[in-house]
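Following: one structure in structure tokens, then a few remarks.
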Amino acid sequence: MAEHEVPSLIRLVEIAVSDAITRAVPEVAGADPVVRRSEHADFQSNAALGLAKRTRTRPAELATTVAESLNADPGSSVADASISGPGFLNLTLAEPALWRQVIARLASPRLGVGSPEQGRRTVVDYSGPNIAKEMHVGHLRTTIIGDCLVRVLGFLGADVIRQNHLGDWGTQFGMLIQYLDEHPDARWHHDQLGASTSTVSALDDLYRAARAAFDADPAFAERARARVVALQAGDPDTIACWKEIVAESKFAFWEIYRRLGVLLEPEDSDGESFYNSMLPDVVDELAADGIAVESHGALVMFSEEVTGPDGNPVTLMVRKQDGGYGYDTTDLATIRYRIRDLKADRILYVVDSRQSLHFRLVFEAARRAGWLTDGIEATHVSYGTVLGPDGRPFKTRSGGTVKLMELLDAAVDQAKASVSEKTQELTPEDLTQIAEQAGIGAVKYADLSTSRTKDYVFDVDRMVSFNGNTGVYLQYAHTRICSILRKAGNAEIDVDPALPLHPTERALILAADAFADVLAEVGRDLEPHRLCGQLYELAKAFTDFYEACPVLAAPGPVRANRIALCQLSARTLRQGLTLLGIAAPERM
RNA sequence: GCCCCCGUAGCUCAGCCGGAUAGAGCAAGCGACUUCUAAUCGCUAGGCCGCAGGUUCGAAUCCUGCCGGGGGCACCA
């Protein structure tokens, strides 16, 4: 069965106005109808104001002509077009057209949402924790935002390839492996540890101990350096230990991923080590093309676009003086691999905004190398820092990094306190589950609902609030609708498009209908907070409707229509929350 | 020195591909539970949209220059 896209109401209006303009004023045929939501009607067109100078008429006159043309079109879903102010065109939709929109969206398993990203192979690089290190607050945004984009783009038809760029390689592993080798009694495997600690937590501590030994004991430092060489040379015992560290770390990461409900799977991991074998070839290719040149014994690319403090070009370190490769080289290999082997049409790097220069240089190099061509989009999806209540980067009271697991625990605890204080009928098991869903959802929503590029303040009290633009508010709105639908039973309902609309019903339909277009915008502009804003508007519109319009107690046909509105609202909220990566429980 | 991001109500934030009196939430004040979940809703109050120019019929929105905050600029990732 072919799945049809249901064109949004605003789109229908745009077409109607555009046609009316073409009929009434052929000289400006094809002009943008400039249709927006309106406080004064369902929609408004501002086209006449801008077009008037082209037609050498007054805006009001032009608007009148367009309105007459619009009102004369019997097939249009615009019931009324009227002039207001200096030339605004207020547009009101026919009530049956609004009801038919509800019917059309409900008839579709995907609510009539189209697939504007259909077939576009999109690589999303996100999360990227470091092996043997605990995930901390710094991994929160990349993981949550990246996963949301994966969900939205996938829903819109994109062929999404998740890429978890694990920090699984580097000289620090030599030190750690050497230390483990000398301390066989150290406990860090997950099956050796109690529930209160994790492998990465233990490894993090061991790494610190190794670092201290490295600094204090020259003999150990020497053995650690030798171990780095052994690791890079592929010494079997050393590699075995490294693999064990990687496996154990992944075990801990996936505990967090499962808890967060992110889609990443172990097979989505292509860490730094994955690219090791490609690095010499990448370097050779850049050197052969003359993009990478020798400087002070290293091989670098001089940017043609950016200069540094001394006025000289900024450089990308392609190969270090000592012959080793760093982060720059790995990212060059990464972008080449994603284009050449994964055949990406679009590559998204969900990484901290502080790395914007780095990605600018990597993209420049990839363009100059001929990998990144005009048909391919590479975007640094940057985001701001998570701040503490003091407005400074979020740290523990003692100034340490905030562990992700502890942060989630705190949010869930807070949610649990909030829920248990207000509710009477939940079993302890239900309470635990709902607190988990609410707490995790609250954290994710707080991260997604603010504009991506700005820093935001991590405030647990606010994010678990049942009021305001929070995840919990949306979840709660959803449960209220579910409650009505449960009482209504699952009977098939027939919507009667001839019934009149209450203003709150009208507003609710308009709010729900905006969902599809907002999703397409998120897919294009990669700004999840727009989806949050739209869902919040929908939830508020539902609440207004709920206050004004009894559903179950309404007479037959009215009741059926209102149940349909509940269904559309519930399904839209549930779909929206799912795309944000947030649970939509049926009871709270 | 140069580049990037940010500056909107007391606080946290939307709005920024130009459009009518600049919106939410929190906090403050007032009010509403015989009603499908009051975990809610309504009302009131609160803003030279950092500053100054420019473009435009029209600027929070676009351009330029300042001011203020944050970040970044070769062998760390």
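Keep in mind it's a predicted model, so treat the numbers as computed, not measured. Computed over heavy atoms, backbone and side chain alike; hydrogens, waters and symmetry mates excluded. Chain letters run A, B, ... following the sequence lines, proteins first and then strands; every chain starts at 1.
Side-chain N/O atoms of His502(A) and Thr504(A) include a donor and acceptor closer than 3.5 Å. With no hydrogens or angles considered, a side-chain donor-acceptor pair links Arg574(A) and His478(A) at under 3.5 Å. A donor and an acceptor atom, one from each side chain of Gln355(A) and Tyr327(A), are located under 3.5 Å apart. A donor-acceptor pair shorter than 3.5 Å can be found between the side chains of Thr379(A) and Glu377(A).
At a threshold of 4.0 angstrom between heavy atoms, the contacts of Val551(A) include nucleobase atoms, whether or not backbone atoms are also involved. Looking at heavy-atom distances under 4.0 Å, Thr470(A) makes no contact with the nucleic acid at all. Here Glu547(A) lies in heavy-atom contact (under 4.0 Å) with sugar-phosphate atoms only. Residue contacts for Tyr546(A): at a heavy-atom cut-off of 4.0 Å it reaches a base atom on one of the strands shown. Across all strands shown, Asp544(A) has heavy atoms under 4.0 Å from sugar-phosphate atoms exclusively, and none from any base. As judged by a 4.0 angstrom heavy-atom cut-off over every strand, Gly50(A) is placed among the base-contacting residues. Using a 4.0 Å heavy-atom cutoff across all strands shown, Leu357(A) reaches sugar-phosphate atoms only and no base atom. When heavy atoms are screened at a 4.0 angstrom cut-off, Asn130(A) is found touching no nucleic acid atom at all. Heavy atoms of Ser84(A) sit under 4.0 angstrom from at least one base atom.
The nearest whole Å value for the distance from the CD atom in Glu39(A) to the P atom in G23(B) is 6 Å. Taking atom CE on Met317(A) and atom C1' on A77(B), their separation rounds to 14 Å, with Å as the unit. Across the protein-nucleic acid pair, Met463(A) atom CE and U12(B) atom P stand 14 Å apart, rounded to whole Å. Distance, Met301(A) CE to A74(B) C1': 11 Å, rounded to whole Å. Between Tyr325(A) atom OH and A74(B) atom C1' there is a gap of 17 Å when expressed in whole angstrom units. One atom, NE2 of His139(A), and another, P of A77(B), lie 15 Å apart when rounded to the nearest Å. In this structure, Asn46(A) atom CG and A59(B) atom C1' are separated by 14 Å, rounded to whole Å. Computed from coordinates, the Asn90(A) CG to G19(B) P distance equals 15 Å when rounded to whole Å.
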side-chain hydrogen bond (donor to acceptor under 3.5 Å, both in side chains) assessment of Gln163(A) paired with Asp125(A): CA-CA 5 Å; Gln163(A) 286 278 284; Asp125(A) 178 330; over 6 Å; no

Verdict with reasoning, Asn469(A) to Ser449(A), per side-chain hydrogen bond (donor to acceptor under 3.5 Å, both in side chains): CA-CA 8 Å; Asn469(A) 188 9; Ser449(A) 61; 4.9 Å; no

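Considering only heavy atoms from C-beta on, Leu316(A) comes within 4.5 Å of Leu332(A) through its side chain.
Within the structure, every side-chain polar atom (N or O) of Thr479(A) is placed at least 4.0 Å from both OP1 and OP2 of U37(B). A close approach under 4.0 Å does occur between a side-chain nitrogen or oxygen of Lys454(A) and OP1 or OP2 of A14(B). Side-chain nitrogen and oxygen atoms of Arg452(A) include none within less than 4.0 Å of the OP1 or OP2 phosphate oxygen of C5(B). A sub-4.0 Å separation between OP1 or OP2 of A14(B) and a side-chain N or O of Thr450(A) is present.
Here the nucleotide nearest the side chain of Val314(A), chosen from A77(B), C73(B), G19(B), is C73(B). Of the candidate nucleotides G19(B), A38(B), A74(B), A74(B) has the atom nearest to the side chain of Val300(A). Taking every side-chain heavy atom of Tyr456(A) into account, C13(B) is the closest of G70(B), C13(B), A20(B). Of the candidates U21(B), A39(B), G19(B), G19(B) carries the atom nearest the Gln44(A) side chain, counting heavy atoms from C-beta on. Nearest to the side chain of Asp455(A), among G70(B), U12(B), U21(B), sits G70(B).
Nucleotides C63(B) and C26(B) are separated by 36 Å at their C1' atoms, to the nearest Å. For the P atoms, the distance linking A77(B) with C17(B) amounts to 39 Å, nearest Å. Rounded to whole Å, the separation between the C1' atoms of G47(B) and C41(B) comes to 26 Å. A39(B) and C4(B): their C1' atoms are spaced 43 Å apart (whole Å). Look at the P atom in both A22(B) and G29(B): the space between them is 27 Å, to the nearest Å. To the nearest whole angstrom, the two P atoms, one in A20(B) and one in A27(B), are 30 Å apart. G72(B) and G58(B): their P atoms are spaced 42 Å apart (whole Å). C11(B) and G7(B) have their P atoms separated by 14 Å, given to the nearest Å.
In terms of position on RNA chain B, the residue among His358(A) and Arg587(A) whose nearest nucleotide sits closer to the 5' end is Arg587(A). Sequence order on RNA chain B of the closest nucleotides to Gln321(A) and Tyr473(A) puts Tyr473(A) first from the 5' end.
For His165(A) and Tyr275(A), the distance between ring centers is under 6.0 angstrom. Tyr473(A) and Tyr476(A) have their aromatic ring centers separated by at least 6.0 angstrom.
Remark: Arg480(A) qualifies as a cation-pi partner of Tyr546(A) under the 6.0 Å distance and 45° angle criteria applied to the six-membered ring.
Of the possible donor and acceptor atoms, none in the side chain of Asn164(A) sits under 3.5 Å from a partner among the backbone N and O of Ser269(A). Between the Arg141(A) side chain and the Gly384(A) main chain, a donor and an acceptor come within less than 3.5 Å of each other. Remark: side-chain polar atoms of Trp242(A) are paired, donor with acceptor, to backbone N or O of Asp168(A) under 3.5 angstrom. Using modelled atom types, one side-chain atom of Thr334(A) and one backbone atom of Thr330(A) make a donor-acceptor pair closer than 3.5 Å.
Looking at Asp544(A) and Lys540(A), no side-chain N of the basic residue comes within less than 4.0 Å of a carboxylate O on the acidic one, giving no salt bridge.
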Pairing pattern in dot-bracket form [Watson-Crick, G-U; both distances under 3.5 Å; | = partner strand] for RNA chain B: (((((((..((((.....[...)))).(((((.......))))).....(((((..]....))))))))))))....

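No donor-acceptor contact under 3.5 Å links the side chain of Ser418(A) to the base of A39(B).
Residues from residues 522-542 of chain A lying near RNA chain B, meaning a heavy-atom separation below 4.0 Å, are His529(A), Tyr536(A), Lys540(A) in numerical order.
Few gaps surround CZ on Arg486(A); more than 12 heavy atoms of other groups in view lie less than 6.0 Å from it.
Ring-base stacking between Phe88(A) and G19(B) is not satisfied when judged by a centre separation under 5.5 Å and a plane angle under 30°.
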Using a cut-off of under 3.5 Å, enumerate the N/O to N/O pairs linking the protein to nucleotides 1-4 of chain B.
| unit_1 | atom_1 | unit_2 | atom_2 | d |
| --- | --- | --- | --- | --- |
| G1(B) | N2 | Gly308(A) | O | 3.1 |
| G1(B) | N2 | Pro309(A) | N | 2.8 |
| C3(B) | O2' | Arg360(A) | NH1 | 3.4 |

